[in-house]
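The figures that follow rest on heavy atoms only: side chains count, while hydrogens, waters and symmetry mates do not.
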Amino acid sequence: MLRKVFRLKLLCVVNVAAIVCALMSVSCQREKRVFESSPPPAQSSQVTLSQIRPGAQTAASPASNDAENHAYDVNEGKRLFTQYNCSGCHANGGGGIGPALMDEKWIYGSEPVNIYSTIIEGRPNGMPSFRNKVPDSQVWQLAAYVRSMSGQLRKDVSPNRSDDMMPHKSEQASERKTPQNSSPPQ
Amino acid sequence: MRSKYSQLLSPGIAALAALTSTACSGVQSALDPAGPQAHNISRLWWLMFYVCTAVFIAVTIVLGLAINRSRKISGAEDLAPELEMPPEAETRRRNIVAAATAFTVVTLFVFLVASFFVGRGMSAELSAKQGVVVEVTGHQWWWEVRYLNDDASSIFTTANEIHIPVGTPVTLTLKASDVIHSFWVPNLHGKTDAIPGKVATMWFQADRPGTYRGQCAEYCGLQHAHMGLIVIAESREQFNSWITSQTQPAIQPSSATAARGQQIFMSGTCNMCHAISGTEAGSNIGPNLTHIASRQTIGAATMTNLGDHLSQWIADSQKIKPGNRMPPHNLSPEDLQAVIDYMQTLK
Amino acid sequence: MAQAIPKPVQLVDIELTEADIARDKREMERTWRRPKGLWGFLVETDHKVIGLRYIITAFIFFLFGGIEAALMRIQLAFPENHFLNPDRYNQVFTVHGTTMMFLFAVPIVTAMGIYFVPLMIGARDVAFPRLNAYGYFVYLIGGILLYTSFLLNTGPDAGWFSYVPLAGPSYSPGKRVDIWAQMITFTEISGLAGAIVVIGTAFKMRAPGMSLNRIPLFVWAQVVTAFMILFAMPSVMLASGLLASDRLVDTHIFNPAEGGDAILYQHMFWFFGHPEVYIIFIPALGFISPIIIAFARRKIFGYTAMVLSLVATAFIGFGLWVHHMFATPLPQLGESFFTAASMMIAIPTGVQIFCWLATLWGSKLQMRTPLLFVLGFFTIFVIGGLTGLMLASVPLDLQIHDTFFVVAHLHYVLIGGSVFPLFGAFYYWFPKWSGRMLGERLGKWNFWLMFIGFNLVFFPMHQLGLKGMPRRVYTYLPETGWGNLNLLASIGAFILAIGVLVFIVNAISALRAGEVAGDNPWAADSLEWATSSPPPDYNFLYLPTVSGRYALWSQTDKTPIVYGLSTQKRETLVTSVIAANPELRFDVPGTSIWPFMVALATAEAFIVGIFTPWAFPIGAVLAFAALAGWFFADPDHSNKKVIEQTEGHRPATQPKELRAEEA
């Protein structure tokens with residue numbers, strides 16, 4: 001009886017080994033952690049800001065933010081949001097001096113490159129320019145986090161509750177908002 | 001603070017310890033004590049070590065004798081199992097087992113009492129907060145060190161390096177800003193966990209001058225392995241002059257390259273995370289750099305602060321400590337040298 | 001379905017001819033025959049099959065854990081080595097610990113119980129065969145979950161104990177720790193199922209005459225372990241469940257900023273974690289006694305003291321957990337209590353060792369491989385126990401806690417205290433499983449390579465800990481001077497690995513062409529040796545009775561057997577708890593697909609539950625449906641399908657009355 005069981009197990013082992021090799025070549029994108037800085041997918045100067053007619057919507061950009069696929073990067077964005085004091089004006093996403101980031105209203109566009117551009121360039125009425133102050137890899141992490149605040153990211157990549165006092169529902173529990181254009185406050 | 005008990009045993013233990021402790025001396029060794037607590041713990045260790053070795057040898061000898069005295073099998077008829085033992089053999093065994101058990105209980109009691117007295121001796125002074133008071137906060141993956149003082153202008157912050165005067169008790173309050181860390185300098189004392197949401201207090205003392213290395217002893221993530229610190233025990237005069245220099249703000253750079261380095265520091269990414277008192281750089285995310293040039297190590301005791309280590313660290317700390325919070329910097333060689341020149345003025 | 005046996009039970013003389021026995025054997029083989037193929041794999045409930053599945057699966061996980069250990073030792077062999085980056089190393093040591101503790105150690109020792117307890121007490125199967133099968137499937141799914149995620153870079157990386165806040169939502173992003181938390185649940189459900197099975201079997205299905213004071217020490221150890229599992233596992237399920245809930249549905253149980261507490265997790269985890277190591281260790285004590293009895297050719301000295309020691313160890317084991325937390329800011333006085341308890345537990349274990357030494361002294365000792373492993377246990381485990389006393393002392397623990405000294409201690413007690421006896425058990429019982437003897441010469445090589453390799457790996461770690469090397473570090477600086485001892489340890493690791501390899505070679509060659517073992521190659525005393533090797537599907541043609549503590553050694557020609565249980569359906573004898581008087585004829589549930597279906601429902605709940613809490617209500621509905629099938633479907637007591645297929649006609653349905661009983 002032991003021999004038969006052993007033969008069955010041997011067959012299983014061979015099959016499993018084949019699956020193992022296949023799995024290891026795929027690897028789960030969500031868990032990727034990269035510690036060297038990678039080149040940015042787009043320079044802020046390459047971002048198209050609008051279509052060429054008056055009052056048009058912001059142009060969609062083909063450049064995507066790879067950080068949005070990695071839970072580690074989005075979590076780093078959340079850490080940096082607090083540590084670089086974005087909350088000083090944006091108050092954990094609820095807004096105050098600056099506009100709210102967790103709602104559906106986007107003044108300068110909701111695409112990742114738009115947010116990247118906003119952080120790098122700064123914006124009128126008080127958003128500082130962080131070019132050369134925050135490294136590009138971190139700006140992409142922040143951009144990914146900002147999008148997660150309005151539920152734009154996949155639930156399994158979005159951050160969970162913070163280990164702090166609870167300012168709002170965690171990003172992974174927030175429902176996804178449909179971005180709409182908005183105009184700057186008067 | 002020696003208990004009566006340790007006074008009785010210390011000469012013998014000290015002699016034996018001296019014989020065997022040379023193999024155990026070392027940079028971060030618990031058996032190379034430099035302070036009273038580590039000393040008491042070390043003596044408790046040697047007591048337990050010798051008693052336990054003796055017990056182990058005794059058990060091994062009995063086991064060896066038992067095997068030796070067993071009647072060796074010759075033929076198949078000898079395999080008949082013994083279901084009854086002669087009553088004298090039973091009684092003798094019962095007495096020996098009972099005696100061995102009693103001996104075990106006594107030995108354990110000795111250990112318990114020794115342990116209790118050593119433990120009591122270590123926390124006795126806790127209530128008497130005197131001398132130097134230091135607040136240590138564990139971060140992922142570095143130690144923030146703040147020297148407290150009743151005079152607010154004498155409070156200063158540094159990182160990964162603690163200076164203490166020889167022969168004075170130093171009280172530490174331990175906090176953690178993110179995950180659980182554990183503050184451990186083996187030459188001086190055992191470890192205490194720093195747990196977020198709680199404040200732990202411990203004290204230690206160095207009885208001889210020297211540089212003692214410590215390391216975080218609670219798994220705290222990617223770079224737990226490189227979260228070290230050093231404690232420098234020095235004479236009272238040296239300690240006082242160190243305190244005085246640490247409370248000064250940074251001096252303005254005099255040379256042109258150092259001034260350029262300061263400009264790069266303030267206009268670039270550096271002041272987003274690091275503080276230099278006396279300048280507009282005030283962020284407390286990363287270690288305080290006001291007196292970086294006077295520190296002996298970089299990266300939480302990962303490298304010495306000598307040669308081009310600092311420029312390697314600034315250029316790409318991810319190669320040295322992958323996953324740490326400091327991003328790499330793409331500076332031109334001249335700019336990097338300017339920053340180094342500026343750092344070196346921050347004594 | 002059970003039929004009461006009228007009291008008083010009487011002893012009768014019967015004539016059994018060769019033809020009677022042959023006919024009974026044929027009918028029993030038909031009634032208890034196992035189905036084949038993939039379907040057969042899914043519906044099987046025979047405890048021997050389930051037990052062997054557990055053992056082989058757990059052994060494969062042991063090999064995986066060993067590979068992870070080898071990877072760690074390669075990385076640590078030299079200072080500032082770049083073989084594994086820190087992220088990978090953290091996953092490797094977490095998965096190593098999780099595999100060894102949850103997927104190897106506990107399952108394999110309870111599996112030995114699942115296989116041998118019914119045989120040793122003279123029963124046909126366990127009390128709850130379908131629950132047994134369910135436990136295995138849940139365990140297998142949990143293990144596959146862990147390893148699939150490990151290969152996909154989603155292996156947990158917060159340590160096998162996953163302390164918060166590091167394992168909490170802020171500091172462990174992604175699903176790695178969620179995989180850990182849910183996998184824990186699988187292995188704990190499986191452990192609980194096994195524990196319930198062992199307790200029910202050991203208390204109610206013993207052979208007539210096997211009163212409580214005649215139970216083999218192996219069975220006592222399994223029963224004590226099963227009770228420990230019942231009380232310890234819920235605590236870790238709570239800890240991991242609350243951790244999963246903090247990560248998935250934003251609770252704040254362990255968030256100090258919102259009123260939670262990080263130390264609460266440690267209490268909940270270690271309330272399980274300390275008994276866990278005794279759950280791993282106590283069954284191994286149960287392996288040692290039969291081996292010593294068989295090879296010293298003698299009864300155990302101090303049986304009552306041994307049983308009481310097992311029970312005392314289990315009790316005291318629940319009062320030690322804070323010794324894992326001495327470095328936290330807990331009150332001194334409380335910590336001293338745990339020092340006392342942690343030292344006190346050495347007393348019952350010491351009594352056991354003294355009793356074994358008293359048994360070995362002046363005995364007719366046969367030095368065969370199983371006994372070599374037991375002697376290895378003595379030396380290694382005693383060192384481990386003594387270093388445990390050092391760790392029990394609060395001040396000394398503050399220096400050596402969370403250093404390689406602890407790594408050395410835990411491996412000395414777990415490998416010395418559990419793995420060495422386990423290998424001895426493999427050598428001892430392999431003939432019973434397979435009908436072949438393992439080679440003695442290879443066995444001696446196996447033992448010595450493992451013994452020497454083990455000591456080379458782990459003894460230097462004591463010194464490394466005292467020299468300041470903390471645990472869970474992926475590398476260390478050259479200036480620390482730890483390089484030489486680490487290199488020595490890594491070399492030892494490879495010698496240990498070769499030793500394990502020798503065992504595998506031995507096992508494979510024995511299965512192919514080993515010496516044929518008879519029913520009782522060791523001339524041992526307990527009931528599993530009273531049947532063929534390997535045992536038939538029904539274990540015993542006629543259930544035995546017992547007239548002494550050492551069943552086969554006190555058996556005579558006049559020892560009664562149990563005759564008259566049905567050969568047309570699966571039936572066994574249920575006896576009373578204390579004196580093992582026959583009480584009932586009990587219908588054993590046969591093969592069933594429902595344990596597998598409930599396991600699938602459980603898997604859905606806990607695997608999909610990593611991603612959405614909706615998985616739990618859905619899983620509950622699926623489990624309800626599968627459990628309805630389990631409880632209301634007609635269990636296959638008579639194995640009618642198999643009988644009809646083989647004979648093509650209905651067999652006689654009149655069961656013979658129970659005739660011969662115990663005096």
Which portion of B:Thr101 sits near chain C, non-hydrogen atoms under 4.5 angstrom: both
Using a 4.5 Å cut-off on heavy atoms from C-beta on, say whether the side chain of B:Gln215 contacts that of C:Met469. no
Under 4.5 Å from a heavy atom of chain C, the part of B:Arg213 involved: side chain
Where on B:Lys198 is there a heavy atom nearer than 4.5 Å to chain C: the side chain, the backbone, both, or neither? side chain
Ranking C:Ile400, C:Val473, C:Leu371 by heavy-atom pairs under 4.5 Å to chain B gives rank one to C:Val473
Side chain, backbone, both or neither of C:Phe254 within contact of chain B (heavy atoms, under 4.5 Å): neither
Heavy-atom pairs under 4.5 Å with chain C, option from B:Ala98, B:Ala176, B:Pro196 with the top count: B:Pro196
B:Ile67 and C:Leu365, any side-chain heavy atoms less than 4.5 Å apart: yes
So which atom in B:Ala66 and which in C:Leu357 form the shortest heavy-atom distance, rounded to 0.1 Å? CB-O, 4.5 Å
Heavy-atom pair count under 4.5 Å with chain C, highest-scoring of B:Leu174, B:Thr302, B:Thr60, B:Val59: B:Thr302
Examine whether an atom of B:Leu112 lies under 4.5 Å from a heavy atom of chain C, and if so say whether it belongs to the side chain, the backbone or both; otherwise answer neither. both
When the 4.5 angstrom heavy-atom criterion is applied to B:Trp184 and chain C, the contacting part is side chain
Scored by heavy-atom pairs under 4.5 Å with chain C, the best of B:Val185, B:Leu83, B:Thr192 is B:Leu83
Run the side chain to side chain contact (heavy atoms under 4.5 Å, CB included) check on C:Met390 and B:Phe111 step by step: do they pass? CA-CA 9 Å; C:Met390 296 171 183; B:Phe111 283 170; over 6 Å; no
Highest number of heavy-atom pairs under 4.5 Å with chain C: which of B:Thr104, B:Val55, B:Leu63? B:Leu63
Using heavy-atom distances under 4.5 Å, tell me whether B:Ile96 contacts chain C through its side chain, its backbone, both, or neither. neither
Looking only at heavy atoms and a cut-off of under 4.5 Å, which of B:Val105, B:Val51, B:Asp178, B:Thr53 has the most pairs with chain C? B:Asp178
Quick one: are C:Trp361 and B:Val62 in side-chain contact, heavy atoms under 4.5 Å? yes
Side chain to side chain donor-acceptor pair (under 3.5 Å) assessment of B:Gln28 paired with C:Trp482: CA-CA 10 Å; B:Gln28 209 168 300; C:Trp482 300 331; over 6 Å; no
dist B:Thr304:OG1 -> C:Leu477:CG (nearest 0.5 Å) comes out at 10.0 Å
Quick check: does any side chain N or O of C:Lys467 sit under 3.5 Å from a backbone N or O of B:Ser29, one acting as donor and the other as acceptor? no
Look up atom OG1 in C:Thr359 and atom CD in B:Glu82, then write down how far apart they are to the nearest 0.5 Å. 10.5 Å
Would you say that C:Leu360 contacts B:Ser70 through its side chain, given a criterion of any heavy-atom pair below 4.5 Å between the two side chains? no
Are C:Tyr474 and B:His226 close enough that their ring centres sit under 6.0 Å apart? yes
Where the side chain of B:Arg93 meets the backbone of C:Ala358, is there a donor-acceptor pair that is under 3.5 Å apart? yes
If I take atom CG from residue C:Leu466 and atom CG from residue B:Asp32, how far apart are they, to the nearest 0.5 angstrom? 12.0 Å
Could you tell me which portion of C:Phe295 (side chain, backbone, both or neither) has an atom closer than 4.5 angstrom to a non-hydrogen atom of chain B? neither
Who wins among C:Gly260, C:Pro395, C:Ser393 for the most heavy-atom pairs under 4.5 Å with chain B? C:Pro395
Pairwise side-chain contact, C:Phe301 with B:Val97, heavy-atom cut-off 4.5 Å (strictly under): yes
Toward chain B, the part of C:Ala340 with a non-hydrogen atom under 4.5 Å: both
In short, B:Phe56 meets C:Thr379 closest at the heavy-atom pair CE1-O, 3.5 Å
May I ask you to test the B:Glu218-C:His401 pair for a side-chain heavy-atom distance under 4.5 Å? yes
Within the 4.5 Å heavy-atom criterion, are C:Pro86 and B:Pro322 side-chain neighbours or not? yes
Answer yes or no: does atom CG of B:Asn95 have more than 12 heavy-atom neighbours from other residues, nucleotides or ligands under 6.0 Å? yes
For B:Ile180 and C:Gln266: C-alpha separation, side-chain torsions, deciding distance, then whether side chain to side chain contact (heavy atoms under 4.5 Å, CB included) applies. CA-CA 11 Å; B:Ile180 302 180; C:Gln266 295 189 29; 3.3 Å; yes
Answer with side chain, backbone, both or neither: which region of B:Cys220 has an atom nearer than 4.5 Å to a non-hydrogen atom of chain C? backbone
With a sphere of 6.0 Å drawn around OH of C:Tyr171, does it hold more than 12 non-hydrogen atoms of other residues, nucleotides or ligands? yes
When rounded to the nearest 0.5 Å, the distance separating CE of C:Met344 from CZ of B:Phe109 is 12.5 Å
Test B:Tyr219 against C:Asp402 for side chain to side chain donor-acceptor pair (under 3.5 Å), laying out the working first. CA-CA 9 Å; B:Tyr219 175 57; C:Asp402 238 321; over 6 Å; no
I'd like to verify something: which residue of C:Leu389, C:Thr387, C:Thr339 has the highest number of heavy-atom pairs under 4.5 Å with chain B? C:Leu389
Toward chain C, the part of B:Ala301 with a non-hydrogen atom under 4.5 Å: backbone
Looking at C:Phe459, I'd like to know if its CZ atom is crowded, meaning that more than 12 non-hydrogen atoms belonging to other residues, nucleotides or ligands lie closer than 6.0 Å. no
Looking at B:Glu90 and C:Lys299, is there a salt bridge between them, counting it only when a charged N and a carboxylate O are closer than 4.0 Å? yes
Measuring from atom OH of C:Tyr89 to atom NE2 of B:His224, what distance do you get when rounded to the nearest 0.5 angstrom? 10.0 Å
Could you have a look at C:Thr328, C:Asp525, C:Thr480 and say which one has the most heavy-atom pairs with chain B under 4.5 angstrom? C:Thr328
When the 4.5 angstrom heavy-atom criterion is applied to C:Glu80 and chain B, the contacting part is side chain
Check whether any side-chain heavy atom of C:Gln399 sits under 4.5 Å from a side-chain heavy atom of B:His189, and report yes or no. no
Quick one: which of C:Val351, C:Val382, C:Ile263, C:Asn85 has the most heavy-atom pairs under 4.5 Å with chain B, could you say? C:Ile263
Top of B:Gly197, B:Ala38, B:Ser115, B:Ala89 for chain C proximity - count of heavy-atom pairs under 4.5 angstrom: B:Ser115
B:Met48 and C:Leu396: side chain to side chain contact (heavy atoms under 4.5 Å, CB included), yes or no, with the steps? CA-CA 10 Å; B:Met48 296 186 85; C:Leu396 188 49; 3.8 Å; yes
Rounded distance (nearest 0.5 Å) linking atom CZ of C:Arg297 with atom CG of B:Leu79: 5.5 Å
